[in-house]
Engineer: 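I have a structure I would like to understand better, so I am pasting it below and will then ask my questions one at a time.
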Amino acid sequence: MAKKDKDYFKALKETKHSLFSPPIHSFFKHLFGSGSAKKEYEPTRTGLSPDSLARALRDNLFFTQGKIPEVATHHDWYAALAYTVRDRLLQRWIKTVHTLMKQDIRVVSYLSAEFLMGPHLANALINLGIYEQTRQAVAQLGLDLNDLLLQEEEPGLGNGGLGRLAACFLDSLATLEIPAIGYGIRYEFGIFNQLIRDGYQVEIADKWLRYGNPWELARPEIAYDIGFGGHTETDLDLEGRLRVRWVPARLVKGVAYDTPVLGYRVNTTNILRLWKAEAAESFDFEAFNVGDYFRAVGDYFRAVDEKVSSETITKVLYPNDVPYQGKQLRLAQQYFFVSCSLKDMIRIHLLSGNHLDTFAAAWAVQLNDTYPSIAVAELMRLLVDEHLMEWETAWGITRNTCAFTNHTFLPEALEKWPLPLFQQMLPRHLEIINEINQRFLDEVLVRFPGDDQRLARLSLIDETGEKHVRMAHLATVGTHAVNGVAALHSDLLKQTVLRDFYELDPDKFHNVTNGVTPRRWLVLSNPRLAALITRKIGESWICNMEGELRRLEHWSGDPSFQNKWRQVKRDNKTDLAGLIKERTGIVVDPDTLFDIQVKRLHEYKRQHLNVLHIVT
């Protein structure tokens, strides 16, 4: 054992208070800021100094990983460091929750089928402001931070711009200290990993969870039963009002997994809550225990089948939806996570002592593209069927709660579901959508009497050929605001695919330009350039690029500044040339003009066209 390890255990043995758990009075001093805690009493689980981080890192290696330094792999050390940093995120999350409990606030609920978060560790270090302290801490233990950062798996929770937009929104919301919850799916497998063999792309499973995920916290106590299929029954309640009850043919349980999302250099920490599908039924132990072995074993195999079938829902990001079964799975995924999320919001709202009449004042639900647009019908179902609200009241709450971000203006890319499939999987929701559609078209008829073509274009049901449910239409009708993701895109939406809706209600449409967080995409990804900018104009640009970066124009004609800028670019290209040589053996001149594409190749994606362009 190394001398530093012996000294560490000797100190641990000789003190009454474990170095991993400092005296409680010192902890409270640190937590509430009364007096000045001595350096040696800085809490291991919350301190930010290199010494405290090194102590916590070793603590987590021993007691979380169950490893000693002599046998620990780089991945063991990475996981220990991840838990060390997560402790500091959770401390800030607890403070955030305590603060929000004392305020009358509105929470942003961001519903997205993707969250392309990227690796968590380095981004958390940047946002906590402890990147260099952590580098020093791991160096004390004979490690290199860069080696540990390379151990982290890319979370397989997104594929492209949609998921990256969602991740950037979560980062920005936390940095602006706006309370928010991101809701999505905990995919067991990402879309796929890409290998190039003999010049051809080979697709293999993206098993990003094979070593676990130190950033998430399982919440088995937060779970909801989600129904599929079955039929509806109509009856009169005690007051003579018509009520509908959905009797699903199958139930799937959705279990919550939370990941803390810290803002940049603030204490506000929001949550990304993802849902995992599990079987609602389990093995009949009582039957087995009393000797009914054959029935119990039969139940066991049926339970296994049910478990496999249920867990398939959150198995993989974007299953192939060309075959009918793929369409079923996609629709099941979307409804599953939307229903879990809305039930979760209602649970939180009611537990806070609020009435559902005030739901829209407490929650702002943003639908990221059409994937979560079933939320309009599901929120109506929950309010009308389960909480016995009148239709008009529920409709007002639903529209005032939900807003819609549209990501496309290609008509063929707007999501539609075959009516028979929708009827089979979500019979009650189809009834609700038909009711919404009838009421909506009655309003259109008043505005545009006799315009049957306009009615057909606006209808939530596409009746040209095989009937389909138009999800973009549902999202547009059932929300109070619709936005595109760039000024040009938003204008084209008004002129093309949503033109009729814009003419009907122009005030509903506005623009929110896609942005990216400078914390990950500049401070973390390009530290040389970030340092050069900061030396000139200070750090305020990191949270205000639009307002601050123009200050660089003052030096745009300065030869010295120009040379430093060029040197940053060349140093980065030199690093890339080194990586290319290491990976492929090919020597590339750093002075070459590089054309780089970092993207999985889909045969139906425009990246394929880019490859053809490179070839030609």
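Nothing here was measured: the structure is a model prediction, and the numbers come from that model. Numbering of residues begins at 1 and proceeds along the displayed sequence.
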Engineer: Are N368 and T405 close enough that a side-chain donor and a side-chain acceptor fall under 3.5 Å?
Structural biologist: no
Engineer: Could you measure the distance from the OG1 atom of T175 to the CG atom of N127? Nearest 0.5 Å is fine.
Structural biologist: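 If we round to the nearest 0.5 Å, T175:OG1 and N127:CG are 5.5 Å apart.
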Engineer: Drop me the distance from H349's NE2 to D344's CG, to the nearest 0.5 angstrom.
Structural biologist: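 So the gap between those two atoms works out to 13.5 Å.
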Engineer: Can you tell me if R197 has over 12 outside heavy atoms packed within less than 6.0 Å of its CZ?
Structural biologist: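 Check fails, neighbour count at 12 or below.
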Engineer: Taking it one step at a time, do Y224 and R347 satisfy side chain to side chain donor-acceptor pair (under 3.5 Å)?
Structural biologist: CA-CA 10 Å; Y224 304 97; R347 175 187 65 88; 2.6 Å; yes
Engineer: Side-chain donor-acceptor pair under 3.5 Å between S341 and W275, yes or no?
Structural biologist: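 Short answer, yes.
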Engineer: State whether a side-chain donor-acceptor pair under 3.5 Å links Q91 with N267.
Structural biologist: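 Result is no, nothing qualifies.
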Engineer: Do the ring centers of Y318 and Y187 come within less than 6.0 Å of each other?
Structural biologist: no
Engineer: Check this for me: F594, atom CZ, are more than 12 non-hydrogen atoms of other residues, nucleotides or ligands nearer than 6.0 Å?
Structural biologist: yes
Engineer: Using 4.0 Å as the upper bound for N to carboxylate O, is an ion pair formed by R520 and D171?
Structural biologist: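 So D171 does not pair with R520 through a salt bridge.
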Engineer: Show me the pairs that pass salt bridge (Lys or Arg N to Asp or Glu O under 4.0 Å) and involve residues 174-191, at least two apart or across chains.
Structural biologist: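 Residue pairs with at least one partner in residues 174-191: R186-E216, E188-K315.
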Engineer: Hey, are the side chains of F359 and T401 touching, using non-hydrogen atoms and a 4.5 Å cut-off?
Structural biologist: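 Yes - at least one pair of side-chain heavy atoms lies under 4.5 Å apart.
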Engineer: Does the distance from a Lys or Arg side-chain N to an Asp or Glu carboxylate O, for K253 and D225, drop under 4.0 Å?
Structural biologist: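 So K253 does not pair with D225 through a salt bridge.
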Engineer: Which pairs pass ring pair (Phe, Tyr, Trp, His ring centres under 6.0 Å) with one or both residues in residues 76-99, sequence neighbours excluded?
Structural biologist: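 Matches after skipping sequence neighbours: H75-Y78.
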Engineer: Is the number of heavy atoms from other residues, nucleotides or ligands within 6.0 Å of CD (E546) greater than 12?
Structural biologist: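 Atom CD in E546 is not packed in, count stays at 12 or less.
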Engineer: About how many Å separate OG1 of T269 and CD1 of I94, when rounded to the nearest 0.5 Å?
Structural biologist: 10.0 Å
Engineer: About how many Å separate OH of Y371 and CD1 of I185, when rounded to the nearest 0.5 Å?
Structural biologist: 11.5 Å
Engineer: Would you call R210-E153 a salt bridge at under 4.0 Å N-O?
Structural biologist: yes
